[in-house]
Amino acid sequence: MTDSLPAPRISDLARSRGPGGVAHDVPDYLSGLNPEQREAVETTEGPVLVLAGAGTGKTRVLTTRLAHILATGRARPWELLVVTFTNKAAREMRERITHLIGPSAEGLRWLGTFHSVAAQILRRHAELVGLKSTFTILDTDDQERLLKQLLEAANIDTKRWTPKSLAGLIDHWKNRGWTPEKLPSGEDFANGKGQTLYAAYQSRLATLNACDFGDLLLHNLTILSKHADIAEEYRRRFRYILVDEYQDTNVAQYLWLRLLTSSTGNVCCVGDDDQSIYGWRGAEVDNILRFEKDFPGAKIVKLERNYRSTSHILGAASGLIAANRDRLGKTLWTEDQSGDKVRVRGVWDGEAESRLIADEIETARRSGMNYKDMAVLVRASFQMRAFEERFVLLAIPYVVIGGPRFFERAEIRDAHAYLRLIQSEDDDLAFERIVNVPKRGIGDTSVQKILQIARHNGVSAMAAVRDLITSDELQARTRTALSTFVRDLDRWRALAADTRHWLLTETVLEESGYTDMQKADRATGPARLDNLKELTQAMQSFETLGTYLEHVSLVMDMDRGPASDAVQIMTLHGAKGLEFPLVFLPGWEEGVFPSQRSIDEKGEKGLEEERRLAYVGVTRAKQDARISFVANRLVYGRWTSQLPSRFVDELPIAHVEAESDTGYYGASAGMKEAKNRWDDAPSFGAGYTSPGWQRAQAVTASRAPAARPARNTVIEGEGRLVATADPKTGAGFKKGQRVFHQKFGYGSVRVIEGNKLTVTFDKAGEKKVIDTFVEKAD
DNA sequence: GTTGCTTACCTTTTT
DNA sequence: GGTAAGCAAC
C-alpha cells in the first residue's frame, strides 16, 4: 500500500536542476522564493498564518512547503492533512506536488476538500453516529424532496415555508455546528417547528442511511468530541496540517480543525481576509482575524509582493478594498510599472455592453492574444446569456465555466438514480426518482401508497414493492408495471456483478426505455443524450461503480477535457484563484453588483463581502481590467434604469480611465459624452428607479407572512411530523376476523402470512391485502 | 394516469 | 422573459 512507497524523490529533484543546487545547502526548490515566501515555507513547526494577498504566489508557497516537509523527512505523505475548499484547488494542489516530488504524492491520502476528508473519516466511524459505512451523500435535490415530505406530513404550508428555505436554514445550522439538541433558542422555522423538523429530518436521514453535505462535518464533530481516543489518534496521525483559503472556513470547519490540532500543533493556515467571499455559506472572516488569539505564539507571515498584475490594476484594487473596515490590512506592491489604466465604460444597455466587450475581444485577438487569455467575470450566472448570444453571433469561441453543474442535470441524476438503486435497494430517494421515469404507468397515488407501506413497516420502498406485487392492493395494471420494474432491476443487479459499470449504465438506459424517451423529445433530447454519453465516458476513469458514485456525490463538478482556445465566461466566485491577461467585468451597477439581495440580507457586512468580490475580480487581471456598467437593463423582461455601482466611484481616479456614452443618448443618439467622472450625468438620476424593483419585492415578501396567517398553525404532537398509519389498524389479525377494506369492503380473514392477509370479501371475492390497509370490523 | 395549459417565481454565489 | 410546479381536462 501507500505505506511502502519509496522515500520521496524530492532529493533527486533538488540536485537535478541548475548548477547552484549543489553549491549550497539550499535545495533548488527554495531558491526561487522571496524572503517572505521562504519564511512561510521553512517555518514548519508550530502554528503559522500566511496572509497571502492576491497574486503573491500562495499556491507555490503551499506546495513548496509540503514538498519541504516531505523532503526534509519531517513527515511522510500520509501524515499530512491538507484541506482546500474547492475540488479544483485540491486537484491543482495534487498536480503541482506530484510535479515537485513525483509519484510519492499519491501517498497524500488526506489531501482534499473539507468535505471529502470529513467523508473519509466518517466512513471509518459511521456506526458511532448511527450510520453504516456505506451511507450515501444526498444532493440538494434529494434533500429538498425529503424536507418537502416532512413539511407536508406536518401539515405545514410548503408555499409559505418552502423546503428550499428550510434546507438553507438547516445547512446554516450545520455550518455553525448545531445539532438539533444544540439549536439555540431563537433559531426557528414555521412558528416553533424548527427544531422538531430538524430532528425529524435527521432521523429520516439515519433511516435512509444517508447524510447531507453539512452532516459530513457535523458528524465528524460529534465523533471527535465524544470519543477522545479517536480524536487523539487523528491528532497523532496528522503531524502537519495545512489549510488553504482559511478566510472561507465556517464555524463547523473551524471546530473540526481545532479538534484535529493538538496544542503544539503544526498547523499552517493560508488565506487572505480580503478575498473572503463565502459568507453566505457560513464562512466566518473572524476565523482568520482571530488566528493569533486561537493559536498563541503563532507566526504571521504576510506575502505582499504581487507577481501577477500591473501597478494600475493593483492600485485600482487596493483603492477599492480600502473602503472595507474589517480587514487585517496589507499593501500589495509590484515592480511591474507597465500597462494601461483600468478602463471603465458606461453604455446604454445590456446589448451595447455585450457588443462592446465582444468588439474588444476581437480587437485583442487581432493583436495576437489568445481567446483563452480573456475572461468575462460576472456577478451572477443570469448575466452570462447576453454574452453567449453575442459570442455565438460573432463566432467567438467561449466556454462557460461552472454554469449549470453537470451532475445536477436531470438526465444525469436519473441515470445515477438507476445506478444507486441497482447498487443499494434501500435507496428510497433514488427509487422515487425513477420508478416512473420513463413512464411506466406507476402514478403518484401508487407511489404514495408504496411509500406509506414502506414507512409503516420500516422497510425500503423496494421491499414494499416486492410485497405489494403479490397482493391485490394495487390495480392489476400497476402491479404488472411494478413487477416488470422489479424484474428489470434484479436483472441489472445480476449484470452489474460481471459488467463494467459504464457498459452497465448503457444497458440500463437502453433497456429501461430511458434512451427512447429522450429520443422522442426532439427539443432537449439530443443534448441530454450527449450528456449521457459524456457521462458513460467519464465513468470509465473509475475502478468500480462504488468509487464512481462516491466521487460524484462529493465532487459536483467534472473534469472537462483540455482547455481549448476559448474566452472563459464565469462567475466571480468561480474565478477565485485564477488569472487572465485580459479580464472583463461587466454589470457594475447598483443592485446587480453589489447585489441588492446581499445588502438587504446582510447589510454592511454583505456590502463588504460584495466589495471583496469586486477586489477578487479586479485582481484576476494580469495586464488589463475592463469594467463596464449600463444605464438600462432588462430584468425579468422589464426595462430598469440602472445606477453605476458605488464600486465604480471607489476606484482611485489615478488608476482609472473612464468614459461614458450613456449621457444624452436619447436626445442625440450616438453622441459620445467623454468625461472623467460619470456620476454627474443627469440621465442617471432622472428616471432612476433601481434597485427599487427588487426592494419592493423584498418588502412584499417579508410582509406576506404577517398579513396572512398560516392555515395550519396548530399541529398536535411531534409524532405528526412523520406520517403514521391509522391507529385503528395494526397486526393481531386472527383467522375468521371480520375486516373492512377501503376498496373491497367487508370480508373475513382466511389466511395470514406475515403482514399479508388473504381475505374473502363479501362482494369482491378473495383478495390478498396488506394488513395496514384493513381495519377490524365487528 | 397522462397530457397540456396556467401560474408563480425567479437571479447570487458552492461543498 | 423563461421555467418548473400545479392544476384542470382528457
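In the text below, chain A, chain B and the rest are named by the order of the sequence lines, each starting its count at 1. Computation of the quantities below employed the complete heavy-atom set of this structure, encompassing side-chain atoms and omitting hydrogens, waters and symmetry-equivalent molecules.
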**Request:** Please tell me which of the listed nucleotides, B/dT11, B/dG1, B/dT13, lies nearest to the side chain of A/Lys164?
**Result:** B/dT11
**Prompt:** With the threshold set at 4.0 Å, does a side-chain nitrogen-carboxylate oxygen contact exist between A/Arg612 and A/Glu609?
**Reply:** yes
**Message:** Without decimals, in angstroms, what is the distance between A/Arg479 CZ and B/dG1 P?
**Reply:** 13 Å
**Message:** Mind checking if A/Thr478 touches a base, just sugar-phosphate, or nothing, with heavy atoms under 4.0 Å?
**Reply:** nothing
**Prompt:** Could you run down nucleotides 1-10 of chain C 5' to 3' and tag each one B, S or - for protein heavy-atom contact under 4.0 Å?
**Reply:** BS---S----
**Request:** Nearest-nucleotide wise, let me know which of A/Asn436 and A/Ser598 is further upstream toward the 5' end of DNA chain B.
**Result:** A/Asn436
**Message:** For B/dT13, is there a stacking contact with A/Trp280, counting only centres under 5.5 Å and planes under 30°?
**Reply:** yes
**Request:** Verify the contact: side-chain N or O of A/Ser595 to OP1 or OP2 of B/dT11, cut-off strictly under 4.0 Å; return yes or no.
**Result:** no
**Request:** Between B/dT13, B/dT3, B/dT15, spot the one nearest the side chain of A/Phe213, thanks.
**Result:** B/dT15
**Item:** Nearest-neighbour nucleotide for the A/Tyr278 side chain, B/dT11, B/dT14, B/dT15 considered
**Value:** B/dT14
**Asked** Side chains of A/Gln383 and A/Glu353: is there a donor and an acceptor less than 3.5 Å apart?
**Response** no
**Request:** Provide the closest heavy-atom pair for A/Ala461 versus A/Leu451 in the form atom of the first, atom of the second, distance.
**Result:** CB-CD2, 4.0 Å
**Asked** How long is the line joining CD of A/Glu245 and P of B/dT13, in whole Å?
**Response** 19 Å
**Message:** Restricting to non-hydrogen atoms, name the atom on A/Val583 and the atom on A/Ala621 that form the minimum distance, rounded to 0.1 Å.
**Reply:** CG2-CA, 3.7 Å
**Request:** Would you name the heavy atoms of A/Gln642 and A/Val592 that are closest together and state the gap between them?
**Result:** NE2-CG2, 3.5 Å
**Message:** Rounded to whole Å, how long is the line connecting atom CZ of A/Arg633 with atom C1' of B/dC10?
**Reply:** 17 Å
**Item:** Nearest-Å distance for atom pair CZ/P, residues A/Arg176 and B/dT15
**Value:** 21 Å
**Request:** Identify which nucleotide among B/dT13, B/dG1, B/dT15 has an atom closest to any side-chain atom of A/Thr445, counting heavy atoms from C-beta outward.
**Result:** B/dG1
**Message:** Over all strands shown, is A/Phe114 touching base, sugar-phosphate only, or nothing at heavy-atom distances under 4.0 angstrom?
**Reply:** nothing
**Request:** Whole angstrom is fine here: how far is it from CG in A/Asp212 over to C1' in B/dT15?
**Result:** 11 Å
**Prompt:** Quantified in whole Å, what is the P atom distance between nucleotide B/dT13 and nucleotide C/dA4?
**Reply:** 15 Å
**Integer-rounded Å distance: B/dT13 P and A/Gln383 CD** = 9 Å
**Asked** Can you check whether A/Val616's main-chain N or O pairs, donor with acceptor, with A/Arg620's side chain at less than 3.5 Å?
**Response** yes
**Fill in**
What one should report as the nearest heavy-atom pair of A/Val618 and A/Ala317 is CG1-CB, 3.9 Å
**Complete:** Looking only at B/dT11, B/dT2, B/dT15, the nucleotide nearest the A/Thr86 side chain is B/dT15
**Asked** Just to confirm, is there a sub-4.0 Å distance from OP1 or OP2 of B/dT15 to any side-chain nitrogen or oxygen of A/Ser116?
**Response** no
**Request:** Select one nucleotide: of B/dT15, B/dT11, B/dG1, the one nearest the side-chain heavy atoms of A/His115.
**Result:** B/dT15
**Message:** So if I take every side-chain heavy atom of A/Phe382 and compare against B/dG1, B/dT13, B/dT11, which nucleotide ends up nearest?
**Reply:** B/dT11
**Message:** More than 12 heavy atoms of other residues, nucleotides or ligands under 6.0 Å from CZ of A/Arg258: yes or no?
**Reply:** yes
**Asked** Atom CG of A/Asp248 and atom P of B/dT13: how far apart are they, to the nearest Å?
**Response** 16 Å
**Prompt:** Hey, does the side chain of A/Thr140 come within less than 4.0 Å of B/dT14's phosphate (OP1/OP2), counting only N and O?
**Reply:** no
**Complete:** Atom CD of A/Glu609 and atom C1' of B/dT14 are separated, to the nearest Å, by 12 Å
